[in-house]
Amino acid sequence: MTTDSRSTDEAARAAGLEVRPVAGHIGAEIEGVDLAEGLDDAQVAAIRAAVLRWKVVFFRGQRLDHAGHVAFARRFGEPVVLRKRGSASPRDVPEIETTADRLELGGRFGMDHDEWLQRRRHTLLRGWHCDHGARIDPPAATILRAETVPPYGGDTTWSNLAAAYAGLSAPVRDFVDGLRAEHRLGVGYQPRPGDDAYVRHLLDHQVASLHPLVRVHPETGERVLYVNGYYVEQITDLSRAESAAILDMLLDQATRPEYTVRFRWEPGSIAFWDNRATIHLAPSDNAHLGFPRTMHRVMLAGEVPVGVDGKPSEPVTGTEPGRW
Ligand SMILES: [Fe+2]
C-alpha cells in the first residue's frame, strides 16, 4: 500500500469515487458512494488508499444501520468485540459501542461530568489520544458514525502523526527514533479526597505497555511520532524531568494546527481513521450545552507496534495481543 497522492487518486477514479482533501496534511471527504449498498473491491481499495494517505476520511449523509456499519467495517479488517460496553450499546451487535449518555462514565464513579473531565485533564493536551493506546495492540482503525449531534459544538479534531514526525528537525528525529515510552491507562488522574472509586477501578484494571516513541507504520512504512497526551506516562531511560520536558515538546509538535483537521458532524456522518498514524481530540465544548449526542463506534483489530529498530512493543500489565 502506498501513500502517494497520484495512486490514491487513480484508485478513486477507478472506483468512481471522489476524494476531496480538506486540509493540507490530513483529512479527505469521500463522495460518490452509498455505504449501505455494500462496496465492490475497487471501492474498498480506493477507500483504503485514501485512509492511508489522508489518515482520516469522512462520509456524509450515509444511512447505515448497526448491521451495515459492521459489514462496512469488515471489508477493512476484523472488528474488535469489547468485553464491557456502555449501557447504550446495542446488545445484539457486539461489535458496536454506543456513546449516548454523557453522564454515564463519570456517574459510574460518583462524579458529575465536569468533575470527571477536570480530574482526568492533567495537561491542556490531555484530551488527545489514540483509541486504547495503552494496549499492547491498539486498534488499527476506528469507524465512528453519528446518529444524533448537537446543533453546534461537539466537533472532533485529528492530527497526522507521520506529518508531525516529518516536521521535526533531523537531529531531534534521530534522538527520538531510539526511544520508548510507557503508555498507561489513567495517567495523571487527580484523585478525589478520601475514597475514590475511579482510583480503585484503575488499580483493579491496570493496562500499560511500552511502545516505541517512533512507530513504523505496518502498511505505509512511514515513521509516526507515537505520542499522545492521554496515555503517555514517561519516556523510558530518561529522568522524570527530562521526560516531562521532551514529552511537552513532542506533544506540542504532534498537535500543531497545520497537522490537524476538524470535522463538523451531521446525522449520518462517518469518520474512518487510521488509529496507528493519528491522535484525536474528543470534544469538550458540548457537555454543558445539554444537547444529545449519540455516536456508534466500530474498531478494527490492530498489530503490536514496531519501532525504527524493528523491536515490537512490550506489555507491562493487563494486556495481551488479541485479548480484549
Ligand atoms: Fe477516541
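Along the sequence shown, residues are numbered consecutively beginning with 1.
The main-chain N or O of R135 is never found under 3.5 Å from a side-chain atom of T319 such that the two would form a donor-acceptor pair. Not one N or O on the side chain of T220 forms a donor-acceptor pair closer than 3.5 Å with the backbone of H217. Under a 3.5 Å cut-off, the side chain of E320 and the backbone N or O of W324 do not form any donor-acceptor pair. With hydrogens and angles ignored, the 3.5 Å screen pairs a side-chain donor or acceptor of R173 with a backbone N or O of A166. Of the possible polar contacts, one joining the S209 side chain to the A134 backbone as a donor-acceptor pair under 3.5 Å is found.
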Applying side chain to side chain donor-acceptor pair (under 3.5 Å), run through S159 and W128 and close with a yes or a no.
CA-CA 9 Å; S159 186; W128 285 97; over 6 Å; no
Go through it in stages, so that I can follow the logic: the residues are K55 and W273, the test is side chain to side chain contact (heavy atoms under 4.5 Å, CB included), and I'd like the CA-CA distance, side-chain angles, deciding distance and then a yes or no.
CA-CA 6 Å; K55 314 307 184 200; W273 65 89; over 6 Å; no
Applying side chain to side chain contact (heavy atoms under 4.5 Å, CB included), run through L250 and L213 and close with a yes or a no.
CA-CA 10 Å; L250 297 177; L213 206 53; 3.8 Å; yes
Mind running side chain to side chain donor-acceptor pair (under 3.5 Å) on N275 and H132 for me, showing each step along the way?
CA-CA 9 Å; N275 195 50; H132 291 272; over 6 Å; no
Using side chain to side chain donor-acceptor pair (under 3.5 Å), reason through H280 and D131 one step at a time and then give a plain yes or no.
CA-CA 9 Å; H280 54 282; D131 288 333; 3.1 Å; yes
Intermediate values then yes/no, salt bridge (charged side-chain N to carboxylate O under 4.0 Å, His left out), E222 and R276
CA-CA 11 Å; E222 288 174 301; R276 303 163 296 193; over 6 Å; no
Please step through side chain to side chain contact (heavy atoms under 4.5 Å, CB included) for the pair R184 and V187, ending with a clear verdict.
CA-CA 6 Å; R184 179 178 287 273; V187 168; 3.6 Å; yes
CA sep, side-chain torsions, deciding dist, call: V232, L247, side chain to side chain contact (heavy atoms under 4.5 Å, CB included):
CA-CA 8 Å; V232 182; L247 272 177; 3.7 Å; yes
One pair to check against salt bridge (charged side-chain N to carboxylate O under 4.0 Å, His left out): R85 and E95. What are the steps and the verdict?
CA-CA 10 Å; R85 298 177 295 159; E95 299 91 344; over 6 Å; no
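When all heavy atoms of A254 and I279 are compared, the closest pair comes out as CB-CD1, 4.2 Å. Here the closest non-hydrogen pair linking A73 and V298 is CB-CG1, 3.7 Å. The minimum heavy-atom distance linking G302 with D137 is given by the pair O-CB, 3.6 Å. Closest approach of A15 to A46, counting heavy atoms only: CB-CB, 3.9 Å. The two atoms that bring M299 and P139 nearest to each other are SD-CG, 3.7 Å, heavy atoms only. Listed here is the closest heavy atom pair of F76 and R48: O-NH2, 3.2 Å.
H296 and E97 share no donor-acceptor pair across their side chains, judged by distance under 3.5 Å alone. In this model, a donor atom of one side chain and an acceptor atom of the other lie less than 3.5 Å apart for R145 and H66. Using modelled atom types, one finds a donor on one side chain and an acceptor on the other under 3.5 Å when comparing Y165 with D177. A side-chain N or O of Y189 and one of D196 form a donor-acceptor pair less than 3.5 Å apart.
Ring geometry for F72 versus F59: interplanar angle over 60°, hence perpendicular rather than tilted (30 to 60°).
The shortest distance between side-chain heavy atoms of E219 and D274 does not fall below 4.5 Å. You'll find the side chain of V176 reaches within 4.5 Å of the side chain of L168, heavy atoms only. For the pair T99/T294, no side-chain contact is recorded, criterion being any heavy-atom separation below 4.5 Å from C-beta on. With a 4.5 Å cut-off on side-chain heavy atoms, S313 and P212 count as touching. Considering only heavy atoms from C-beta on, P138 comes within 4.5 Å of P305 through its side chain. Within the 4.5 Å cutoff, side-chain heavy atoms of P283 are placed close to those of T156. Counting heavy atoms from C-beta outward, S269 and F263 have side chains that approach closer than 4.5 Å. In this structure the side chain of Y198 reaches within 4.5 angstrom of the side chain of M111, judged on heavy atoms.
Cation-pi contact between R215 and Y226: present, with separation from the ring centre below 6.0 Å and deviation from the ring axis of at most 45°. For the pair R262 and W158, the cation-pi test (distance below 6.0 Å, angle within 45°) is failed.
D65 CG to E147 CD: the interatomic distance, rounded to the nearest 0.5 Å, is 11.0 Å. Note that the OG1 atom of T236 and the CD atom of E314 stand 9.0 Å from one another [nearest 0.5 Å]. Between the NE2 atom in H69 and the CD atom in Q62 there is a gap of 11.0 Å [rounded to 0.5 Å]. Taken from CG in N228 to CG in L251, the straight-line distance is 7.5 Å, to the nearest 0.5 Å. From H205, atom NE2 reaches atom OG1 of T317 across 12.0 Å, with rounding to the nearest 0.5 Å. The OG1 atom of T98 sits 10.5 Å away from atom CE of M295, with the distance rounded to the nearest 0.5 Å.
Cluster membership check: F272 shares its hydrophobic cluster with L17, using side-chain heavy-atom separations under 4.5 Å among Ile, Leu, Val, Met, Phe, Trp and Tyr. Under a hydrophobic clustering in which Ile, Leu, Val, Met, Phe, Trp and Tyr are joined whenever their side-chain heavy atoms come within less than 4.5 Å, directly or via other members, L64 and I143 fall into the same cluster. A single hydrophobic cluster is not seen to contain both I136 and V81; linkage of ILVMFWY side chains at heavy-atom distances under 4.5 Å, directly or through other members, places them apart. The hydrophobic clustering, which links ILVMFWY residues whose side-chain heavy atoms are closer than 4.5 Å, places L161 and V51 apart. Taking hydrophobic clusters as Ile, Leu, Val, Met, Phe, Trp and Tyr residues chained together by side-chain heavy-atom distances below 4.5 Å, V22 does not share a cluster with I30.
Alongside Y259, the hydrophobic cluster contains no other residue (criterion: ILVMFWY side chains under 4.5 Å).
In summary, the aromatic rings of Y231 and H183 are positioned with their centroids too far apart to meet the 6.0 Å limit.
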Which pairs would a plain distance check flag for residues 31-42, meaning a side-chain donor or acceptor within less than 3.5 Å of a matching protein atom at least two apart in sequence or in another chain?
| from | atom 1 | to | atom 2 | distance (Å) |
| --- | --- | --- | --- | --- |
| E31 | OE2 | R20 | NE | 3.2 |
| E31 | OE2 | R20 | NH2 | 2.8 |
| D34 | OD1 | A36 | N | 3.1 |
| D34 | OD2 | R63 | NE | 3.3 |
| D34 | OD2 | R63 | NH2 | 2.5 |
| D40 | OD1 | A42 | N | 3.2 |
| D40 | OD1 | Q43 | N | 2.8 |
| D41 | OD1 | R75 | NH2 | 2.8 |

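Residues passing the side-chain hydrogen bond (donor to acceptor under 3.5 Å, both in side chains) test with D237: none are found, sequence neighbours excluded.
Comment: R180 engages D309 in a salt bridge, judged by a side-chain N to carboxylate O separation of less than 4.0 angstrom. In summary, D155 and R264 engage in a salt bridge, as defined by a charged side-chain N under 4.0 Å from a carboxylate O.
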